[in-house]
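So you know, we letter chains A, B, ... as the sequences are listed, proteins then strands, and number each from 1. Side chains included, hydrogens not; waters and symmetry mates left out as well; all remaining heavy atoms used.
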Protein chains: 2
Amino acid sequence: MPQGTRERGRPRSFDTQAALDRAVEVFWRQGYEGASLTDLTAAMGISRPSMYAAFGNKDDLFRRVVARYAEIDMAYAREALEQPTAYRVIESFLRANADALTRTDRPAGCLSIQGGLAGGSDRGRIARFLAESRLAGERALAARLAAAVAEGDLPPGTDPDALARYVTVVSEGNAVHATAGADRASLHATVDFALQAVPRRPGVVG
Amino acid sequence: MPQGTRERGRPRSFDTQAALDRAVEVFWRQGYEGASLTDLTAAMGISRPSMYAAFGNKDDLFRRVVARYAEIDMAYAREALEQPTAYRVIESFLRANADALTRTDRPAGCLSIQGGLAGGSDRGRIARFLAESRLAGERALAARLAAAVAEGDLPPGTDPDALARYVTVVSEGNAVHATAGADRASLHATVDFALQAVPRRPGVVG
DNA sequence: CGAATTCGATACCGAACGGTATGGAAATCG
DNA sequence: CGATTTCCATACCGTTCGGTATCGAATTCG
């Protein structure tokens, strides 16, 4: 099937996926506005026209970057949801988050936070997009916790939305700290405290 | 005494403090880079040369703005430290923080976070400056909690630095949420959870 | 091979950026 | 009043921004 849809003309000489991965790092480190096209194309190893032909414009590239980041660098969040108990879902998420925020082979912190927070004019669009992206993760966690409440894995009366929000807040705060240079042990010590507040079904250890 | 140091020439025709307060709002809403000199001087009601004469340059203005913000809008943090018990220090801080992040007469969120997080070249200077500013607050809280441990107000073995970091993380995470549009009740619900993790001396209610 | 097509490098566009030179108006001194 | 000093408005500086027009080289189809 891919044989039949062979393209005419000179084929693209760079790997778009690889170029996208380079762009992830630049946006991650420098934020949306802080990443200039010169920075981006230099890191991607391609010229400006090539970038525009392959990805559209800076906004489109950024959205592709965020999607790729969610797929690769946030995979741990989806995996955490598969843990058998609510407590272990939360523990797994916060632990993996602390690790991800302090990987030595990647920029410190979290792209969807340092990508852009404040909102003036067109910049607000980016901030809103990232906020919605984070909210989607919070909602997925809330849905998992709601199921846990329904099956008695969390105490009755527990508000799954509020608990999901609390866990997300801790992860975001840790992201801010990681960006500021906090080390991995510090983040895990914070997770130690945070887990104390997670309600548990009586008599269950893990 | 102020009479003797009367200045020569035409006196400044605007109130520098009032102009600074206007600049606080612009930087708060739009961040360091997102706030252009055109935005700033328009809000301050003065011309560019007047701004440069009164404040130096954009960097200097921002530092003055952050100092003013800390003095006015973070006053609650210093007041919280005066509470009689460690628990009430933390509770007071997180409650007042949640309120401050959602004041209707001020921008949502926290200047020292949305002012600038990511760091490329010169932008890194601003991010570092703000990180140090936040760290100073965390250290002040840690010192207060260390005193609480010493006087038996917190369980022996409690790590005051780690606890202060945890509380700061929650406040920062709430700031991220507030910037994204979370309402006051949501933030307080998160504080409800967060307080569950704060160690308390046995037998003491508040 | 020749035609069609798409590649990528260079060079450029108008707009906005932070910052400043200039010059007339206003206020204070002697 | 006359001299001095400082104010503020305009207009401008070089640089960088996101985005694009141009054009020769490369590749594939018929």
Side-chain angles (χ1 to χ4, degrees), chain A residues 2-20 22-23 26-27 30-65 115-116 118 120-126 129, chain B residues 2-20 22-23 26-27 30-65 115-116 118 120-126 129:
Chain A
Q3 318 261 22
T5 56
R6 187 60 174 272
E7 305 286 346
R8 304 270 295 225
R10 179 177 171 181
R12 186 167 284 139
S13 67
F14 61 92
D15 180 352
T16 59
Q17 197 96 301
L20 194 61
R22 306 284 192 91
V26 176
F27 276 125
Q30 305 181 205
Y32 177 81
E33 297 211 276
S36 71
L37 284 181
T38 302
D39 295 333
L40 289 163
T41 53
M44 298 165 86
I46 62 178
S47 68
R48 291 154 96 94
S50 299
M51 194 282 276
Y52 276 83
F55 300 101
N57 61 11
K58 190 183 177 183
D59 261 51
D60 297 330
L61 174 63
F62 184 69
R63 285 175 159 76
R64 291 277 297 271
V65 158
S121 63
D122 64 328
R123 192 161 37 341
R125 233 186 26 256
I126 297 296
F129 168 68
Chain B
Q3 317 264 21
T5 55
R6 187 61 173 271
E7 304 288 345
R8 304 267 296 221
R10 179 178 171 181
R12 186 169 284 138
S13 68
F14 63 91
D15 181 352
T16 60
Q17 196 97 300
L20 194 62
R22 305 286 192 90
V26 177
F27 277 125
Q30 305 180 205
Y32 176 82
E33 298 211 276
S36 70
L37 283 181
T38 302
D39 295 334
L40 289 164
T41 53
M44 299 164 87
I46 62 178
S47 69
R48 291 155 95 95
S50 297
M51 194 283 276
Y52 276 82
F55 300 101
N57 62 11
K58 191 182 177 184
D59 261 51
D60 296 331
L61 174 63
F62 184 70
R63 285 175 159 78
R64 292 277 297 270
V65 158
S121 61
D122 63 330
R123 190 156 50 335
R125 233 187 24 255
I126 297 296
F129 168 67

Dump every N/O contact between nucleotides 7-10 of chain D and the protein below 3.5 Å, one line per pair.
from, atom 1, to, atom 2, distance (Å)
dC7(D), O2, Arg10(B), NH1, 3.2
dC8(D), OP1, Ser13(B), N, 3.0
dC8(D), OP1, Ser13(B), OG, 2.4
dC8(D), OP2, Ser50(B), OG, 3.4

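- Met51(B) places none of its side-chain heavy atoms less than 4.5 Å from the side chain of Leu40(B).
- Here the P atom of nucleotide dC17(D) and the CE atom of Met51(A) are 13 Å apart, to the nearest Å.
- Atoms CD (Glu33(B)) and P (dT16(D)) sit 14 Å apart, rounded to a whole Å.
- In this entry the distance linking CD of Gln30(B) with P of dC17(C) reads 10 Å, nearest Å.
- For the pair Tyr32(B) OH and dC17(C) C1', the interatomic distance rounds to 11 Å; values are reported in whole Å.
- Between Thr16(B) and Met44(B), every side-chain heavy-atom pair lies at or beyond the 4.5 Å cut-off.
- Rounded to an integer number of Å, the gap from CZ of Phe55(B) to C1' of dG19(C) is 16 Å.
- With sequence neighbours excluded, the residues satisfying side-chain hydrogen bond (donor to acceptor under 3.5 Å, both in side chains) with Ser47(B) are Ser50(B).
- Within 4.0 Å (heavy atoms only), Ala35(A) reaches sugar-phosphate atoms of the nucleic acid but no base atom.
- Listed pair Ser36(A) / dC17(D) meets the phosphate criterion, a side-chain N or O lying under 4.0 Å from OP1 or OP2.
- Taking atom OH of residue Tyr52(A) and atom P of nucleotide dC17(D), one finds them 12 Å apart after rounding to whole Å.
- Spacing between atom CD1 of Ile126(A) and atom P of dG18(D) amounts to 12 Å, rounded to whole angstrom units.
- Remark: Arg48(B) pairs with Thr38(B) by the side-chain hydrogen bond (donor to acceptor under 3.5 Å, both in side chains) rule, at least two apart or across chains.
- Phe27(A) and Tyr32(A) have parallel rings, their planes meeting at less than 30° on a 0 to 90° scale where 60° marks the start of perpendicular.
- Atom P of nucleotide dC17(D) and atom NZ of Lys58(A) are separated by 9 Å, given to the nearest angstrom.
- With sequence neighbours left out, Arg63(B) forms a salt bridge (charged side-chain N to carboxylate O under 4.0 Å, His left out) with Asp59(B).
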